[in-house]
Amino acid sequence: MGWNSWNKFAEKVDAKTVKEIADAMVSNGMKDAGYVYVNIDDTWEGKRDAQGVLQPNEKFPDMKGLADYVHSKGLKIGIYSSPGPQTCAGFEGSYQHEEQDARTWAAWGIDYLKYDWCSAKTVYKEEEMPAVYKKMGDALKASGRPIVFSLCQYGLRKVWEWGAASGGNLWRTTGDIEDVWKSMATIGFDKQTGLEQYAGPGHWNDPDMLEIGNGNMDEVEYKTHMSLWAMLAAPLIAGNDLRSMADEIKQILTNREVIAIDQDKLGKQGFRVSKEGRTEVWAKPLEGGDVAVALFNRGDKAELMIATWADLGLNGKHVVRDVWAHADRGKIKDLFEAEVSSHGVVMLRVSK
Ligand code: GLA
């Protein structure tokens with residue numbers, strides 16, 4: 001769980017913004033809710049010095065100082081590079097400097113690396129990808145500092161089959177998310193199906209960073225976005241301006257009952273159990289025998305939806321808790337019924 005600069009700031013990210021985001025993460029309750037990583041995406045990179053050591057550009061005058069600052073807040077800091085000569089935004093990449101860069105980041109105190117294929121396609125064949133990623137995975141391990149390794153290559157070559165063996169802790173499964181319903185819904189509902197078996201503690205499918213609070217979806221849709229990512233046991237990397245978010249956005253990002261489902265210790269990725277028209281019921285097994293259940297309505301009008309215990313593999317009476325309403329719904333037998341608004345969700349924790 002954390003934050004990344006790209007979705008909101010893109011090339012406008014700088015050290016001052018990163019510090020203010022870290023401050024905000026502490027003061028607005030996100031840190032207490034479990035958000036830890038403050039991640040700088042592309043456009044921080046400068047040139048290499050005469051020894052080949054990668055320098056930050058003028059937007060980041062003192063990376064070590066910035067890392068110290070973020071650490072002083074009880075948070076961790078992430079950075080971004082590419083295995084190619086250039087990053088996606090055209091800045092210096094790590095090609096032929098992999099070990100040197102890993103040592104530089106470790107010396108700065110970096111805790112997380114997002115490693116983005118980009119121009120690597122101009123110097124490597126696609127089938128070399130697992131080895132190219134492993135090269136950096138090994139370099140990070142040899143750096144002497146624990147650094148989370150985030151693979152970003154848009155799901156090419158079934159990364160879920162080899163990402164963990166390359167040292168990856170998470171891997172993007174698709175192209176870039178956009179702050180629109182169709183993009184979020186296609187990625188979240190459709191493109192993660194079948195990948196459940198590859199997710200687990202230490203190695204996760206990554207449906208991309210959150211767009212919650214960036215303004216092009218409404219509150220109902222952002223709740224669905226958060227719910228779906230939690231059902232998927234996805235990394236929760238906020239992508240909005242944490243310094244100025246509306247209270248309803250903060251409530252979505254910090255809903256502890258939803259976060260507990262995402263972060264559940266079993267580490268199981270949820271999946272669709274039934275589908276009718278534009279409505280879908282999803283389930284996610286939780287520690288101790290509980291089940292998270294989400295009733296999603298992708299359609300354009302409200303629908304009466306039913307989740308049956310039979311579809312969920314349950315029988316008998318179960319205690320039902322609505323994790324958005326923060327309300328107990330009693331001990332229920334056979335099925336749960338609710339009206340779900342257009343693009344909305346009703347999300348439950350069901351316990352014996
Ligand atoms: C790619 C990645 C994005 C972002 C940009 C930065 O598009 O998928 O998440 O990192 O590059 O240039």
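Because only heavy atoms are used, hydrogens play no part in the values below, and waters and symmetry mates are left out as well, while side chains stay in. This chain uses plain numbering: 1 for the first residue, then up along the sequence.
The shortest distance between side-chain heavy atoms of F149 and M136 falls below 4.5 Å. L253 has its side chain out of reach of M1: every pair of non-hydrogen atoms, C-beta onward, lies at least 4.5 Å apart. For the pair V340/T279, no side-chain contact is recorded, criterion being any heavy-atom separation below 4.5 Å from C-beta on. The closest side-chain heavy-atom distance from K158 to W160 is below 4.5 Å. Side-chain contact between E98 and Y115: present, with at least one pair of heavy atoms (C-beta onward) separated by less than 4.5 Å.
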What pairs of donor and acceptor atoms, side-chain ones from residues 329-338 against any protein atom, are under 3.5 angstrom apart with sequence neighbours left out?
residue	atom	partner	partner atom	Å
R329	NH2	D322	OD2	3.3

Can you give the donor-acceptor pairs under 3.5 Å from side chains of residues 122-131 to other protein atoms, not counting sequence neighbours?
residue	atom	partner	partner atom	Å
T122	OG1	S119	O	2.6
E128	OE1	K125	N	2.7

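Relative orientation of the F189 and F296 rings is perpendicular, given thresholds of 30° and 60° on the angle between their planes. Relative ring orientation between H343 and W181 is described as parallel, the plane-to-plane angle staying below 30° on a 0-90° scale split at 30° and 60°.
A salt bridge links R243 with E20: at least one charged nitrogen is closer than 4.0 Å to a carboxylate oxygen. Using a cut-off of 4.0 Å between Lys/Arg side-chain N and Asp/Glu carboxylate O, R298 and D190 are scored as salt-bridged. Classification of K134 and D138 as a salt-bridged pair holds, one side-chain N sitting under 4.0 Å from a carboxylate O. Classification of K8 and D179 as a salt-bridged pair fails, no side-chain N sitting under 4.0 Å from a carboxylate O. A salt bridge links E303 with K301: the distance from a Lys NZ or Arg NE/NH1/NH2 to an Asp or Glu carboxylate oxygen falls below 4.0 Å.
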*asked:* Set out, in order, the CA-CA distance, both residues' side-chain angles and the distance that settles side chain to side chain contact (heavy atoms under 4.5 Å, CB included) for V346 and M305, then state yes or no.
replied: CA-CA 9 Å; V346 170; M305 286 187 64; over 6 Å; no
Check your understanding: When you look at L312 and H318, which way does the side chain to side chain contact (heavy atoms under 4.5 Å, CB included) test go after all the steps?
Key -> CA-CA 12 Å; L312 296 163; H318 287 266; over 6 Å; no
Test side chain to side chain donor-acceptor pair (under 3.5 Å) applied to N205 and Q192, step by step: CA-CA 8 Å; N205 293 308; Q192 312 308 314; 5.5 Å; no
Fill in: Derivation and outcome, side chain to side chain contact (heavy atoms under 4.5 Å, CB included), residues I21 and D241
CA-CA 7 Å; I21 293 287; D241 190 345; 3.9 Å; yes
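Within 6.0 Å of the NZ atom in K59, the count of heavy atoms belonging to other residues, nucleotides or ligands exceeds 12. By the 6.0 Å contact criterion, CD on E99 is open, its count of non-hydrogen atoms from other residues, nucleotides or ligands being 12 or less. Residue K352 places its NZ atom among more than 12 non-hydrogen atoms of other residues, nucleotides or ligands, all under 6.0 Å distant. The local environment of CD in E257 is crowded, with over 12 non-hydrogen atoms from other residues, nucleotides or ligands closer than 6.0 Å.
Under the 4.5 Å side-chain contact rule for hydrophobic residues, I40 and Y80 share a cluster. Hydrophobic clustering (ILVMFWY, side-chain heavy atoms < 4.5 Å, transitive): L113 and W204 are in distinct clusters.
Counting only distance, with no hydrogens or angles, the side chain of K135 and the backbone of P83 share no donor-acceptor pair below 3.5 Å.
When hydrophobic residues (I, L, V, M, F, W, Y) are linked wherever their side-chain heavy atoms come within less than 4.5 Å, Y69 remains an isolated member.
Here the options are R321, R349, K284, the test is salt bridge (charged side-chain N to carboxylate O under 4.0 Å, His left out), and the partner is D290; only R349 passes.
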